[in-house]
Amino acid sequence: MIDVRLLRTDLDAVRTAQARRGKPDVLAQIDAAVALDTKLRDLTAERDALRARVNDLSKQVGGLRKAGKNDEAEAVMNESRALGETERQLQADFDGLQAQLRDVMLRIPNIPHVDAPNGGSDADNPVIKGPVNMPAAFGDHQRVPHWETATVLGILDNERATKIAGAMFTMQRGLGATLARALCQFALDQNADAFEEIRPPSLVTTATLTATGHLPKFADDAFAIERDDLWTIPTAEVPLTSLYAGEVLDEAQLPARLMAYTPCYRREAGSAGRDTRGMLRAHEFDKVEILAIATPEQSPTLLQELVGRAEALIAALELPYRIIEICTGDMGGSHHRSFDLEVYAPGCDAWLEVSSVSWFSDYQARRADIRFKRHGQKGTEIANTLNGSALAVPRVWAAILENHRQPDGSVRIPEVLRPYMRGAASMASK
RNA sequence: GGAACGGUGGCAGAGCGGACAAAUGCACCCGCCUUGAAAGCGGGAGGCUCAAAAGGCCCGGGGGUUCGAAUCCCUCCCGUUCCGCCA
């Protein structure tokens with residue numbers, strides 16, 4: 001959520017910034033929020049004055065009773081009783097308005113960072129680095145889609161995954177499964193110097209999924225376990241962001257750096273029929289996420305650090321990549337500023353998004369109620385959150401199969417992964 | 001799933017219808033004392049809302065009773081222990 005106070009103090013700035021997203025309905029939501037907020041504040045003043053009166057009368061009753069003046073006490077009680085009726089009515093109105101305001105506020109997106117590039121769609125995302133590791137030319141042996149190579153090598157069995165779980169599920173076998181696990185372990189180990197490893201729940205409550213901004217707007221994208229009122233997580237961002245929800249952290253604890261490997265579940269509603277082959281899109285996949293909870297001042301540096309860490313992993317895997325910045329029209333609703341890391345897959349002839357690193361300013365932290373206290377200062381302040389995929393398995397898995405495919409049809413395993421694959425240097429058909 | 005007992009400030013823990021934002025201890029901050037520190041003594045300090053003051057709200061969440069609820073009632077959630085089941 002953005003701070004409601006911004007609507008009162010900097011309405012024009014909010015409008016201008018939100019207009020950069022190019023979503024007309026957002027401006028309408030802002031107007032609605034302003035109207036509700038104004039009414040709510042008037043009502044609050046009215047209700048509080050009434051309450052003050054009731055509180056005062058109640059105290060009088062206590063005093064009169066003790067003094068034995070029961071008749072006078074009775075009169076005051078009657079007056080207070082009458083006011084109580086009005087108070088209850090005002091409170092009911094208040095509750096209704098507040099719920100409406102919250103509902104609108106939850107749907108208003110974050111304010112883009114001043115440096116986020118303007119643009120209307122992903123076509124406008126500028127490439128800010130790369131291509132890196134791009135060979136002058138790819139060999140014919142690399143122009144083979146990973147699903148063909150994987151089938152020949154017997155390391156991917158999506159037909160049986162479909163038999164077991166339905167369309168859009170994948171299943172790796174043998175060294176293919178080992179490779180998926182190796183990528184996760186590698187990503188965790190590479191970031192263990194600065195991040196605490198967490199193994200969080202992958203099923204979460206509605207409140208937790210709301211904190212990150214996935215609800216209420218994107219309910220269709222998540223699997224719901226209705227009987228138990230739980231949701232499957234689309235990313236480890238969800239449980240990690242809420243790890244300190246409702247808590248007040250000491251300034252010295254920041255930045256808190258957390259990382260987690262989790263399975264990720266996405267319904268991919270609206271994507272039926274797209275990327276049906278191979279590993280490019282699935283309902284369930286593995287990912288290692290790195291995340292920071294920080295002060296606003298620490299955030300810009302952390303954002304660069306997270307991008308750098310994601311980049312280092314891809315570079316170590318000897319894959320061609322580039323970094324793009326997400327423009328205002330393509331940015332996620334919770335995002336303040338974000339960058340994507342794309343890997344080139346010669347077999348598919350496509351740039352695959354393998355990592356997305358974002359700064360959420362205080363948008364998620366306000367929803368999750370994560371605050372911190374500065375030394376020597378009164379009060380608390382909303383924290384900032386940032387996160388990024390250190391490594392998302394499926395597309396990296398696919399890119400390895402395509403980039404590292406050898407003329408003889410085998411796939412070379414990058415050096416850095418071999419210790420995680422029982423020393424295997426390549427995957428070849430039997 | 002069943003039973004019992006709990007959920008109060010950063011932590012521990014009292015309060016169980018009327019001046020309770022809430023005793024006390026620990027931790028914390030500021031003084032005094034001291035060469036410095038500890039101990040001791042004195043003082044301070046919760047969060048949210050409001051531009052601020054006033055006011056209001058917050059004793060797990062929600063609802064109810066009452067002139068008045070941390071305190072009584074209902075309900076949900078969470079925790080601990082025991083039983084059952086189980087990887």
Side-chain angles (χ1 to χ4, degrees), chain A residues 1-14 33-34 36-102 105 199-211 225-231 239 242-254 256 263 362 365-383:
Chain A
M1 263 184 297
I2 62 169
D3 192 344
V4 220
R5 279 174 289 204
L6 287 176
L7 299 181
R8 314 204 274 248
T9 58
D10 274 313
L11 184 56
D12 289 342
V14 172
V34 169
L36 287 168
D37 181 52
T38 307
K39 268 199 243 173
L40 193 63
R41 289 170 73 195
D42 291 346
L43 199 57
T44 305
E46 200 182 334
R47 183 203 61 184
D48 287 354
L50 203 55
R51 279 186 179 171
R53 182 70 184 141
V54 171
N55 287 343
D56 183 51
L57 292 175
S58 296
K59 282 180 186 169
Q60 287 182 31
V61 173
L64 292 168
R65 273 275 169 78
K66 275 185 188 143
K69 300 175 180 169
N70 285 333
D71 287 354
E72 287 179 46
E74 193 66 33
V76 176
M77 278 162 66
N78 286 335
E79 185 183 354
S80 179
R81 213 187 328 261
L83 291 177
E85 292 298 314
T86 317
E87 195 272 341
R88 263 186 284 280
Q89 184 53 50
L90 286 181
Q91 182 60 34
D93 296 348
F94 178 91
D95 289 343
L97 271 181
Q98 195 176 47
Q100 282 179 53
L101 177 61
R102 180 176 162 78
M105 288 302 293
R199 186 29 271 237
S202 12
L203 265 39
V204 298
T205 61
T206 298
T208 299
L209 201 60
T210 304
I225 300 168
E226 288 182 38
R227 188 170 71 171
D228 298 296
D229 197 21
L230 290 168
W231 304 76
S242 284
L243 197 122
Y244 292 117
E247 299 188 31
V248 179
L249 303 171
D250 189 285
E251 185 180 19
Q253 290 174 265
L254 304 179
D362 60 6
R366 180 170 293 103
R367 288 166 166 252
D369 188 25
I370 306 166
R371 292 173 291 163
F372 71 97
K373 207 179 181 80
R374 292 190 196 267
H375 290 159
Q377 280 187 30
K378 262 189 87 73
T380 58
E381 203 174 316
I382 310 278

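So you know, we letter chains A, B, ... as the sequences are listed, proteins then strands, and number each from 1. Just so it is clear, the structure is predicted and the values come from calculations on it, not from any experiment.
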Closer than 3.5 angstrom, by distance alone: can the side chain of [X] be matched with the main-chain N or O of [Y] as a donor-acceptor pair?
X: A:S242; Y: A:A245; result: no
X: A:R47; Y: A:L90; result: no
X: A:S80; Y: A:V76; result: no
X: A:R367; Y: A:T210; result: yes

Check the distance between [N]'s [atom2] and [X]'s [atom1] and give it to me in whole angstrom.
X: A:R51; N: B:A69; atom1: CZ; atom2: P; result: 11 Å
X: A:L64; N: B:A19; atom1: CG; atom2: C1'; result: 14 Å
X: A:E85; N: B:G64; atom1: CD; atom2: P; result: 12 Å
X: A:D250; N: B:C11; atom1: CG; atom2: P; result: 13 Å
X: A:R371; N: B:U49; atom1: CZ; atom2: P; result: 8 Å
X: A:Q98; N: B:U49; atom1: CD; atom2: C1'; result: 11 Å
X: A:R102; N: B:U49; atom1: CZ; atom2: P; result: 15 Å
X: A:E74; N: B:U66; atom1: CD; atom2: C1'; result: 13 Å

Is any side-chain nitrogen or oxygen of [X] closer than 4.0 Å to OP1 or OP2 of [N]?
X: A:N55; N: B:C57; result: yes
X: A:R81; N: B:G68; result: no
X: A:R41; N: B:A51; result: yes
X: A:T380; N: B:C48; result: yes
X: A:R47; N: B:C57; result: no

[atom1] atoms of [N] and [M], separation to the nearest Å:
N: B:U66; M: B:G7; atom1: C1'; value: 25 Å
N: B:A45; M: B:A23; atom1: P; value: 12 Å
N: B:G46; M: B:C59; atom1: C1'; value: 12 Å
N: B:C28; M: B:A38; atom1: P; value: 10 Å
N: B:C26; M: B:G13; atom1: C1'; value: 11 Å
N: B:G63; M: B:G25; atom1: P; value: 37 Å
N: B:U65; M: B:C73; atom1: P; value: 15 Å
N: B:A22; M: B:C86; atom1: C1'; value: 45 Å

Check: Hey, which of these two, A:G84 or A:R53, hits RNA chain B nearer its 5' end, going by closest nucleotide?
Finding: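 Its nearest nucleotide lies further toward 5', so the answer is A:R53.
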
Notebook entry, point to check: If you pin A:G63 and A:R5 to their nearest nucleotides in RNA chain B, which one's is more 5'?
Noted result: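 Counting from the 5' end, the first nearest nucleotide belongs to A:G63.
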
Assigned partner base of [N], Watson-Crick or wobble definition, under 3.5 Å:
N: B:A4; value: B:U80
N: B:U71; value: none
N: B:G25; value: B:C11
N: B:A45; value: none

Item checked: Salt-bridge contact A:R53-A:E87 (side-chain N to carboxylate O under 4.0 Å) -> no

Item checked: Distance-only donor-acceptor check, side chains A:D95 and A:Q91, under 3.5 Å -> yes

Next item on the list: Using the side chain to side chain donor-acceptor pair (under 3.5 Å) rule, take A:E74 and A:N70 through it: C-alpha gap first, then chi angles, then the decisive distance, then the call.
Entry: CA-CA 6 Å; A:E74 193 66 33; A:N70 285 333; over 6 Å; no

For [X], report the nucleic acid contact type (base, sugar-phosphate, nothing); a contact means any heavy atom under 4.0 Å.
X: A:S80; result: sugar-phosphate
X: A:V76; result: nothing
X: A:R65; result: base

Check: Of all the nucleotides listed (B:G55, B:G18, B:G47), which has the minimum atom distance to the side chain of A:K373?
Finding: B:G47

Next item on the list: Return the nearest nucleotide to the side chain of A:A52; candidates are B:A19, B:C48, B:G56.
Entry: B:G56

Next item on the list: Look at the side chain of A:D48 against the base of B:G55 and say whether a donor-acceptor pair falls under 3.5 Å; ignore hydrogens and angles.
Entry: yes

